[in-house]
K.L.:
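Quick one: this structure, given as structure tokens, is what I'll be asking you about.
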Amino acid sequence: MIQRPSRLQRPNAQIALGGLTGIAALASVLIIVLMLVFLAIYAYPAIRFNGLGFFSGTIWNIGNQYGSGSVTRNGFSAEPGAIFGAIVFIFGSVATSTLAMLIAIPFSIMVAMALVYRVHPRIRPIANALVELMAGVPSVVYGLWGMVVLVPLIARLPGAGSGNGLLAATIILALMVTPIMVATIRDVVLAQSATIFEASMALGGTSWQAVTRAVLPSVRGGVVASVLLAFGRALGETMAVLMVCGSAINSLPQNIYQPVNTIAAVIVSQLESALTDSSGMAQRSLAELAVVLFLITLAVNIIARVALHGADRSEGQ
Amino acid sequence: MRKLSITALALGAALLCTPLAQAANARLLETGSSLLYPLMNLWVADYQKGHGVQITTQSTGSGTGISQAISGVAQIGASDAYMSDGQMKGTPMLNIPLAISAQQINYNLPGLNGIHLHLSGPVIAGIYSGQIKFWDDAKIKALNKNVASKLPHHEIVAVHRSDGSGDTFIFSQYLSFSTPSWKNGPGYGTTISWPSVSNAVGANGNPGMVQTCQSTKYCIAYIGVSFLNETNKAGLGYAALLNRSGNFVLPTAGTISAAAKALGSKTPRDERISLVFAPGAQSYPIINYEYAIVNPKQADPSTRAALKEFLSWTIDAKGGQQERFLSSVHFLPLPAAIVKLSKAQINKIE
């Protein structure tokens with residue numbers, strides 16, 4: 001018996017659907033590109049004013065708002081004494097996110113494996129719900145907890161100073177990204193490799209061998225995607241980091257306890273002062289920082305994709 | 001009694017019909033300084049009882065206050081700092097003092113918080129620029145001979161504001177006006193480029209300063225006087241500061257008003273002046289006017305009437321300048337001469 005094609009299967013509908021999804025896909029790329037372009041246009045005077053010193057300088061000074069005259073470089077002027085060096089913030093963003101990922105990646109994989117293969121089926125729904133709850137807690141709540149519980153705890157360690165700093169920011173970020181990674185890795189494993197574990201155990205492997213040799217390689221793409229998602233979140237996390245990082249300025253940390261600052265945190269904390277800069281260069285320099293953060297995130301994505309692609313190829317041969 | 005006063009107000013309203021009728025149902029938005037916020041809240045709660053106007057207050061920060069008053073989002077931008085010449089060139093705004101505030105230098109020194117340490121501008125500048133590293137430094141000992149042996153050999157953690165702040169403005173003015181090397185170095189502003197000190201901590205807002213200093217032993221911080229109740233509750237000590245005449249003074253009603261008097265006569269018509277490091281034997285060195293930043297051009301007649309009426313009330317001796325409002329946040333009323341100047345500025349709103 002021949003069935004009439006449903007409405008969506010008719011040729012015209014196919015073309016329309018194809019067109020619509022194409023436009024949607026294009027729009028998502030276009031929005032990202034436009035955001036970057038407009039940010040860059042806004043930041044252009046700062047890019048010219050700051051030059052390469054932006055990437056080597058440690059001093060961030062919006063200049064004397066109450067002084068007289070102005071300073072001009074490459075045709076663009078700012079308040080007297082203004083100098084914008086971003087290395088402290090670039091270092092802070094990369095360092096806190098990378099260290100947080102070093103803690104979070106192995107931990108998340110272990111928790112995800114435990115959730116799929118080891119937790120008792122009766123407890124599993126509760127454990128899953130807890131992980132999802134943790135992923136949904138607003139960052140300002142993590143920040144507040146960090147401020148009133150974690151920071152005073154760290155301050156008790158010998159030589160830790162105020163407790164606000166690199167270590168506190170790293171721990172907070174690790175805590176924040178772990179539930180996201182656990183949830184995504186768990187879902188990928190459930191979808192792709194639910195039976196691989198048992199199969200490999202049945203072949204006489206230990207559970208360690210089953211996870212490292214069979215399960216993880218089969219879900220590598222999903223794991224990398226979840227790491228990327230988490231790394232992006234860590235790089236862009238603002239409030240929680242701002243509340244525990246110690247807002248270092250003009251100074252790089254000498255040990256893991258000392259204050260740091262990240263690009264996202266400094267954009268928020270400096271924005272208000274930047275609004276009072278009548279030359280506008282402080283605001284534009286913050287926009288330049290935003291462009292840099294954008295590019296770092298993009299670079300991390302591309303590097304990971306390329307690495308993943310390369311790994312798949314070499315395996316295929 | 002209360003009924004009576006309401007009746008009296010209603011009667012007054014009927015008599016003063018024209019301006020009040022215009023002000024009725026108007027909406028005003030005040031945003032800015034977190035230091036002025038507690039007082040604004042007290043004022044507005046009381047003022048709204050007798051006036052048909054709705055006033056919303058927001059604690060955001062002096063920078064936001066200035067920029068939102070300029071953009072027209074807010075009718076009143078609250079700021080601890082007056083606008084710079086550069087900002088005034090862009091959009092001329094009225095800088096109207098509403099009250100006098102001060103700032104204390106707090107510290108958390110176990111065992112010594114009950115004692116008012118003696119500190120000077122150059123010594124505080126030395127601490128914030130990393131030249132004075134320990135609490136038992138010879139320069140601190142020299143100012144505090146009676147407790148010199150009790151000062152611990154412990155690293156000082158200097159805490160500063162990470163957000164744009166009128167408190168940073170007046171603190172850095174004290175250091176600039178008293179210490180040439182600070183004036184030629186970081187200088188002053190609502191945000192400054194702090195010297196590179198690796199254990200220095202930035203904190204957000206006055207509440208953040210109190211919290212950080214409370215949890216960080218051996219810290220030093222600058223905190224607005226409207227948070228004095230909070231810093232006392234947190235058990236922090238506060239310093240007697242060296243003034244221009246060479247005396248160590250505590251922030252009290254007497255020393256703050258002495259400083260305000262010393263510079264009151266110098267206040268120009270646009271009232272943009274620093275009251276920091278005022279001359280006089282009893283003058284407390286870190287005080288300031290709390291400003292309402294207002295656009296002199298208000299197109300909407302009912303908003304204009306409500307704005308002028310509220311601002312006039314805040315600086316009136318029988319209105320906002322009453323002690324029951326000011327003393328709970330440790331602010332002081334404006335001297336009569338300054339009230340006159342502020343009134344003249346309010347009259348410029350048209």
Side-chain angles (χ1 to χ4, degrees), chain A residues 58-70 79-85 88 147-148 151-153 155-156 159-165 239 242-243 245-255 257-259 261 265-266 268-280 282-283, chain B residues 32 60-68 70-71 79 81-91 130 155 157 159-165 168-169 173 176 185-204 208 211-219 272 274:
Chain A
T58 55
I59 302 296
W60 185 275
N61 185 350
I62 72 168
N64 186 355
Q65 308 151 71
Y66 290 81
S68 54
S70 63
E79 302 279 10
I83 180 164
F84 301 95
V88 172
M147 209 168 116
V148 299
V151 166
L153 265 180
R156 284 194 199 170
S162 71
N164 292 283
M239 263 336 276
L242 181 61
M243 291 162 93
C245 71
S247 299
I249 192 157
N250 301 340
S251 159
L252 287 161
Q254 317 275 306
N255 59 47
Y257 300 122
Q258 285 188 335
N261 215 337
V266 83
V268 168
S269 65
Q270 289 278 320
L271 186 60
E272 204 199 302
S273 327
L275 291 175
T276 64
D277 175 359
S278 51
S279 75
Q283 295 166 55
Chain B
T60 47
S62 297
T64 308
I66 293 173
S67 65
Q68 295 204 342
I70 290 175
S71 71
S79 175
Y82 52 88
M83 287 168 68
S84 69
D85 292 343
Q87 291 167 357
M88 292 291 281
K89 226 185 275 166
T91 322
E155 268 197 351
V157 178
V159 189
H160 58 78
R161 288 282 288 274
S162 59
D163 51 337
S165 153
T168 299
F169 181 73
Q173 275 190 334
S176 286
Y188 66 83
T190 52
T191 187
I192 61 168
S193 190
W194 294 98
S196 175
V197 180
S198 58
N199 73 341
V201 178
N204 189 37
Q211 210 275 332
T212 304
C213 210
Q214 186 179 14
S215 62
T216 309
K217 282 176 188 155
Y218 308 105
C219 74
R272 293 188 301 132
S274 170

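Every chain is numbered from 1, with letters handed out A, B, ... down the list of sequences.
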K.L.:
So which part of B:Q87 gets closer than 4.5 Å to some heavy atom of chain A, the side chain, the backbone, both or neither?
P.N.:
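Both parts, heavy atoms under 4.5 Å.
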K.L.:
Relative to chain A, which of B:V197, B:I66, B:D85, B:I192 shows the most heavy atom pairs under 4.5 Å?
P.N.:
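Heavy-atom pair counts peak at B:V197.
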K.L.:
Measuring heavy-atom distances to chain A, does B:T60 have an atom under 4.5 Å in its side chain, in its backbone, in both, or in neither?
P.N.:
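Only the backbone of B:T60 comes within 4.5 Å of chain A.
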K.L.:
Under 4.5 Å heavy-atom distance to chain B, tell me which part of A:L252 shows up: side chain, backbone, both or neither.
P.N.:
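Only the backbone of A:L252 comes within 4.5 Å of chain B.
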K.L.:
Given a strict heavy-atom distance threshold of 4.5 Å, which part of B:M88 is in contact with chain A: side chain, backbone, both, or neither?
P.N.:
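Neither part.
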K.L.:
With respect to chain A, which residue among B:G187, B:G164, B:S193 yields the maximal number of heavy-atom pairs within a distance under 4.5 Å?
P.N.:
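If we count pairs closer than 4.5 Å to chain A, B:S193 comes out on top.
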K.L.:
With rounding to the nearest 0.5 angstrom, report the CD1 to OG1 distance, A:I62 to B:T190.
P.N.:
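The distance works out to 6.0 Å.
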K.L.:
For chain B, which candidate among A:N250, A:I249, A:N255 shows the most heavy-atom pairs at distances under 4.5 Å?
P.N.:
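That would be A:N250.
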K.L.:
So which residue, B:G86, B:G63, B:S198, ends up with the most heavy-atom pairs under 4.5 Å with chain A?
P.N.:
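The option with the most such pairs is B:S198.
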K.L.:
With A:F84, which residues qualify under ring-ring contact (aromatic ring centres under 6.0 Å, His included), at least two apart?
P.N.:
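Applying ring-ring contact (aromatic ring centres under 6.0 Å, His included) to A:F84 gives A:W60.
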K.L.:
Are any non-hydrogen side-chain atoms of B:N199 and A:Q254 less than 4.5 angstrom apart?
P.N.:
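No, side chains not in contact.
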K.L.:
Counting only heavy atoms closer than 4.5 Å, note whether A:M147 contacts chain B via side chain, backbone, both or neither.
P.N.:
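Contact with chain B involves both backbone and side-chain atoms of A:M147.
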K.L.:
So, using side chain to side chain contact (heavy atoms under 4.5 Å, CB included) as the criterion, who are the partners of B:S162 when residues are at least two apart?
P.N.:
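In terms of side chain to side chain contact (heavy atoms under 4.5 Å, CB included), with neighbours along the sequence ignored, B:S162 is linked to A:S247, A:S269, B:N204.
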K.L.:
Would you mind checking which part of B:S67 comes under 4.5 Å of any heavy atom in chain A, side chain (CB onward), backbone (N, CA, C, O), both or neither?
P.N.:
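Just its side chain gets close to chain A.
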K.L.:
Quick one: what part of B:Y218 sits under 4.5 Å from any heavy atom of chain A, side chain, backbone, both or neither?
P.N.:
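When you check distances to chain A, no heavy atom of B:Y218 falls under 4.5 Å.
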